[in-house]
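Values below: all heavy atoms of this structure, side chains included; hydrogens, waters and symmetry mates excluded. Reminder, nothing fancy here: chain letters follow the sequence lines and each chain counts from 1.
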Amino acid sequence: ARSTDTFNYATYHTLEEIYGFMDILVAEHPQLVSKLQIGNSYEGRPIYVLKFSTGGNSRPAIWIDTGIHSREWVTQASGVWFAKKITQDYGQDSTLTAILDSMDIFLEIVTNPDGFAFTHNKNRMWRKTRSLTEGSSCVGADPNRNWDAGFGMPGASSNPCTETYRGKFANSEAEVKSIVDFVKNHGNIKAFISIHSYSQLLLYPYGYKAEVAPDQAELDQVAKSAVTALSSLYGTKFRYGSIIKTIYQASGNTIDWSYSQGIKYSFTFELRDTGRYGFLLPASQIVPTARETWLALCAIMQHTLNHPY
Amino acid sequence: KEDFTGHQVLRISATDEAQVQKVKELEDLEHLKLDFWRGPAQPGSPIDVRVPSPSTQAVKIFLEAHGIGYTTMIEDVQALLDEEQEQMFAFRTR
């Protein structure tokens with residue numbers, strides 16, 4: 001595409017096209033958007049994060065990532081749409097303008113680039129990273145079981161051939177370690193939102209233990225208002241609650257780690273499939289999915305802005 | 001490139017804990033090469049599993065033998081993937 005206005009948000013794109021989109025967006029909005037490389041994937045691909053900032057230094061910030069499970073294509077596609085939406089709405093929409101006047105937004109669109117490239121070239125159903133495990137012919141670890149939060153507990157597998165293999169040790173996956181290092185170095189992230197598909201859920205800690213999170217009441221309230229905002233557009237029904245209560249025990253997961261870092265507003269989305277397509281959501285549903293999800297993201301970001309801690 | 005012709009995605013409805021456990025038994029049978037898109041969790045929440053064609057009959061017999069309800073959510077995964085590729089290719093040529 002020659003500009004982000006001619007970019008087609010209603011189709012799925014390759015890694016190269018998404019990375020190309022990022023460069024065009026930065027070139028079009030150099031005052032608002034910058035591209036950071038936070039590391040390299042196992043196979044050596046650069047891992048990029050878009051930073052949306054209107055100034056200041058190490059401001060309180062919001063982290064959003066999509067595509068950590070590579071086959072969940074609607075999430076990376078929604079991430080592209082979010083990036084464009086932020087540049088369109090800053091200065092136009094009062095909510096987003098207020099957020100960006102006080103906070104930064106970090107958006108990692110392709111959180112698992114090796115896996116994503118593999119879904120385009122070899123196996124559309126690939127979920128994990130592409131790291132090799134010594135002593136096993138099976139490849140990859142589940143990047144949503146590799147975080148240092150309940151790592152090794154029930155709710156993940158130690159078998160490298162399973163889809164929920166936790167990896168050799170916490171942060172063994174380069175794709176996870178690069179986020180851990182970035183978040184720790186930044187030190188002022190106030191909300192952490194990791195976006196998956198599918199099953200129409202909005203989840204908060206904990207996943208690795210049944211204990212109720214100290215901030216559970218507030219997180220539940222925020223989740224309720226977010227899913228209400230989401231369903232106001234097309235009526236898409238989301239359930240919400242803690243990971244372990246709403247689906248199952250999941251150890252070493254992303255937002256249990258971010259919550260353990262003191263990032264109170266830690267949420268995981270499981271976007272739509274509307275009960276029919278699972279991971280193979282038709283491209284015609286990308287924009288509607290992104291639009292409804294954006295309303296929920298704004299509800300969470302606005303709450304974060306209005307409840308500094 | 002992996003071909004998913006004939007692979008089906010079944011949406012299983014386990015109505016009680018015993019049925020969820022039964023489905024979990026399926027999960028452990030590695031030779032069936034099942035890919036759980038939504039794993040067995042709690043009674044009442046849908047369980048979606050991609051079943052390679054060689055395993056389809058065995059899985060359906062197992063579910064029916066244990067009175068576990070299911071529907072076929074996707075008849076042929078490869079057909080949907082072909083559509084997805086065509087749509088991407090059409091955009092690119094345009």
Honestly, the part of A:N123 sitting under 4.5 Å from a heavy atom of chain B is both

Heavy atoms of B:S13 and B:I68 approach each other most closely as O-CG2, 4.1 Å

When the 4.5 angstrom heavy-atom criterion is applied to A:S284 and chain B, the contacting part is neither

From the list A:K122, A:H13, A:R127, the residue making the most non-hydrogen contacts under 4.5 Å with chain B is A:K122

Could you check whether any side-chain N or O of A:S3 sits under 3.5 Å from a backbone N or O of A:T6, counting only pairs where one atom can act as donor and the other as acceptor?
yes

Under 6.0 Å from the six-membered ring centre of A:Y206 and within 45° of its axis: does the NZ or CZ of A:K209 meet both? yes

The interface call for B:P46 against chain A, heavy-atom contacts under 4.5 Å, is neither

Any donor-acceptor pair under 3.5 Å from A:D65 side chain to A:T111 backbone: no

- Say whether, by atom type as modelled, one donor and one acceptor occur between the side chain of A:Q249 and the main chain of A:Y208 under 3.5 angstrom. yes

Residue from B:D3, B:V9, B:D48 scoring the most non-hydrogen pairs under 4.5 Å with chain A is B:D48

Ring geometry between A:W257 and A:W147 (parallel below 30°, tilted from 30 to 60°, perpendicular above 60°) | tilted

Paired with A:H69, the side-chain hydrogen bond (donor to acceptor under 3.5 Å, both in side chains) test is passed by just one of A:N144, A:N112, A:D142, namely A:D142

Applying a strict 4.5 Å limit to non-hydrogen atoms, the region of A:R71 in contact with chain B is side chain

Heaviest contributor of heavy-atom pairs below 4.5 Å to chain B, chosen from A:S199, A:A10, A:A283, is A:S199

Counting heavy-atom pairs under 4.5 angstrom with chain B, the leader among A:M125, A:E163, A:R239 is A:M125

All heavy atoms of A:I255 vs all of A:S194, minimum pair found to be CG2-CB, 4.4 Å

Please check: side-chain N/O of A:R166 versus main-chain N/O of A:M153, any donor-acceptor pairing under 3.5 Å? yes

Okay, B:F36 and chain A: the region with an atom under 4.5 Å from a heavy atom over there is backbone

ask   = Looking only at atom types and distance, does a side-chain atom of B:D76 sit under 3.5 Å from a main-chain N or O of B:T5, one as donor and one as acceptor?
value = no

Nearest heavy-atom contact between B:H7 and B:S53 is CD2-N, 4.0 Å

Bottom line for A:F118: the part with an atom under 4.5 Å from chain B's heavy atoms is neither

Open item on the list: Would the distance check show the side chain of A:W126 and the main-chain N or O of A:K128 forming a donor-acceptor pair, the cut-off being under 3.5 Å?
Closed with: yes

Turns out that what part of A:L201 lies under 4.5 Å from chain B's heavy atoms comes down to neither

Within residues 22-35 of chain B, contacts to chain A at heavy-atom distances under 4.5 Å involve B:E30, B:D35

Cut-off 4.5 Å, heavy atoms of chain B, and the answer for A:E17 is side chain

Donor-acceptor pair, side chain of A:T66 and main chain of A:I109, under 3.5 angstrom: yes

Checklist entry - Cation over ring, A:R130 on A:Y42, under 6.0 Å and within 45°? => result no

Most contact-rich option vs chain A, by heavy-atom pairs under 4.5 angstrom, among B:R38, B:R50, B:R11, is B:R38

For A:D273 and A:G278, the nearest pair of non-hydrogen atoms, with its separation, is CB-N, 3.6 Å

Against chain B, residues from residues 154-162 of chain A with at least one heavy atom under 4.5 Å, in numeric order, are A:N159

Discussion item. Any side-chain to backbone donor/acceptor pair from B:S55 onto B:V51? Under 3.5 Å, distance only.
Written reply: no

